[in-house]
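Here the structure is a predicted model, which means the values were calculated and not measured.
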Amino acid sequence: MKRFTHCLLGLLLICTSAQLYAGSRDYPTVKIGAYDVEYEIAGSGDVTLLLEAGGSAGLDDWQPIFYALAEHARVIRYSRVGNGGSSAVKKHYSSEQYAQEALALLQALAITEPVVYIAHSYGAYIARTFAARYPDKIAALMLIDPASEHDVDIMRQIDLATAERQIAQVKRDDMKNGMSNQYLDFWSKRPLPDYPDIPDIPVTVIASVKTYEEPSLLLFTDQGRAMWGDLHSQWAQAFPQGEAILTDKSYHFIHHEQPQWVVEHIQTLIKRVRIK
């Protein structure tokens, strides 16, 4: 529980669970520009899933569901530059640059068909940008407890003065281990693509509304959890083929705490793509 109460659901970018799996094995790499990017491909079929981890996490963050998904589709997971076993580079990335590198990865792996893009936390910034910039490369979108440019707005609506103090502290905490590659992009809080910038594709958003006994931040209060669920529900339902699924059984790392449940919802999304 402790690691969740100190993680502002994607705001605290250094908060990941990748350390649970890091170093478990060596993965193949592919050159993306000047950088080595580690990846793994498993499974086969007519649908390809691309997994985008959150924050500073690497590909191992998908360990709880990766091989289960490979029973139903071809699945690709990778570590962004600076994360996991990819080139250890420190630079300020934008979600546009990350999306461009995701496209370059698919091209390097000879993936030509549109992918089902599945993203967690900050990875949603990249997936939303990818979907808007490369609409012919995406078949469907799933965001798992996605970070949002509006998350701090929820806190400010509850209590402006307290929110400003808490946000400032989270920013300081983010900096304790050095500025992450995505720090400036995340905290810019600039508008990200929504519908119709993102095309009319099947969209599923899974968000946690589980409450906390001792909320350390306004976003973790009962009011904050309800507003978080409403935010993602409204975002998803703006899409003609959008759906929002809320869970009170897990916190931010839903694919770790409810792996089989998440796999089942991904299977449903795959079926929607095949029907389309």
Side-chain angles (χ1 to χ4, degrees), residues 1-20 53-57 61-65 118-125 127-128 142-174 186-187 189 192 203-238 242-266 268-269:
M1 170 72 112
K2 185 176 181 181
R3 69 186 175 97
F4 295 109
T5 59
H6 290 281
C7 176
L8 185 51
L9 295 184
L11 290 183
L12 189 53
L13 297 175
I14 61 170
C15 179
T16 73
S17 59
Q19 66 268 22
L20 296 177
S56 297
D61 192 58
W62 294 105
Q63 193 71 17
I65 66 172
I118 301 171
H120 174 241
S121 193
Y122 171 76
Y125 275 44
R128 288 169 63 182
M142 174 179 282
L143 307 180
I144 300 174
D145 212 40
S148 168
E149 67 272 35
H150 302 297
D151 42 19
V152 293
D153 296 336
I154 290 175
M155 297 176 65
R156 289 173 174 138
Q157 289 175 39
I158 295 173
D159 184 328
L160 180 60
T162 300
E164 295 301 338
R165 289 195 300 272
Q166 292 183 350
I167 292 166
Q169 183 60 55
V170 171
K171 288 182 177 180
R172 288 192 292 270
D173 290 342
D174 273 358
F186 179 84
W187 284 109
K189 297 305 173 187
L192 293 168
V203 171
T204 299
V205 176
I206 299 177
S208 167
V209 292
K210 187 173 182 178
T211 57
Y212 292 75
E213 293 181 4
E214 298 179 3
S216 58
L217 297 166
L218 290 171
L219 193 61
F220 294 155
T221 63
D222 289 359
Q223 182 180 0
R225 305 318 298 138
M227 293 173 69
W228 182 252
D230 289 343
L231 170 69
H232 291 303
S233 294
Q234 292 170 18
W235 189 88
Q237 291 164 5
E243 67 169 352
I245 302 166
L246 306 182
T247 178
D248 60 1
K249 301 294 191 298
S250 56
Y251 290 104
H252 187 49
F253 292 92
I254 301 171
H255 54 304
H256 290 205
E257 294 188 79
Q258 296 178 266
Q260 184 55 42
W261 184 77
V262 170
V263 168
E264 290 170 0
H265 283 294
I266 294 174
T268 299
L269 185 59

Aromatic F186 / basic K189 pairing, under 6.0 angstrom, 45° off normal:
yes
Mark yes or no: K249 above the aromatic ring of W261, with NZ or CZ under 6.0 Å from the six-membered ring centre and no more than 45 degrees from the axis.
no
Using every non-hydrogen atom in the two residues, find where [X] and [Y] come nearest and quote the distance to one decimal.
| X | Y | value |
| --- | --- | --- |
| D61 | A53 | CB-CB, 4.4 Å |
| A124 | A119 | N-CB, 3.7 Å |
| Q258 | S250 | OE1-OG, 2.6 Å |
| P146 | I206 | CD-O, 3.9 Å |
| W187 | K171 | CE3-CE, 3.3 Å |

4.5 Å side-chain heavy-atom contact, [X] and [Y]:
| X | Y | result |
| --- | --- | --- |
| L218 | I154 | no |
| W228 | D151 | yes |
| L231 | D153 | no |
| D248 | R225 | no |
| R156 | E164 | yes |
| T268 | T204 | no |

Name the orientation class of the two ring planes belonging to Y212 and F220 (parallel below 30°, tilted from 30 to 60°, perpendicular beyond 60°).
parallel
Aromatic rings F253 and H256: how do their planes relate, parallel, tilted or perpendicular, breaks at 30° and 60°?
tilted
Verdict with reasoning, L143 to R128, per side chain to side chain contact (heavy atoms under 4.5 Å, CB included):
CA-CA 9 Å; L143 307 180; R128 288 169 63 182; 4.2 Å; yes
Expected output: side-chain T211 to main-chain D222 donor-acceptor under 3.5 Å:
no
Without swapping roles, check the side chain of Q223 against the backbone of I158 for a donor-acceptor pair under 3.5 Å.
no
Inter-residue atom distance [X].[atom1] - [Y].[atom2], 0.5 Å rounding:
| X | Y | atom1 | atom2 | result |
| --- | --- | --- | --- | --- |
| M142 | I266 | CE | CD1 | 5.0 Å |
| D145 | H120 | CG | NE2 | 6.0 Å |
| H265 | I245 | NE2 | CD1 | 4.0 Å |

Let me see the working for D173 and Q169 under side-chain hydrogen bond (donor to acceptor under 3.5 Å, both in side chains), right down to the final yes or no.
CA-CA 6 Å; D173 290 342; Q169 183 60 55; 3.0 Å; yes
Is it the case that the side chains of S148 and H232 hold a donor-acceptor pair, with the cut-off being a distance below 3.5 Å and no angle test?
no
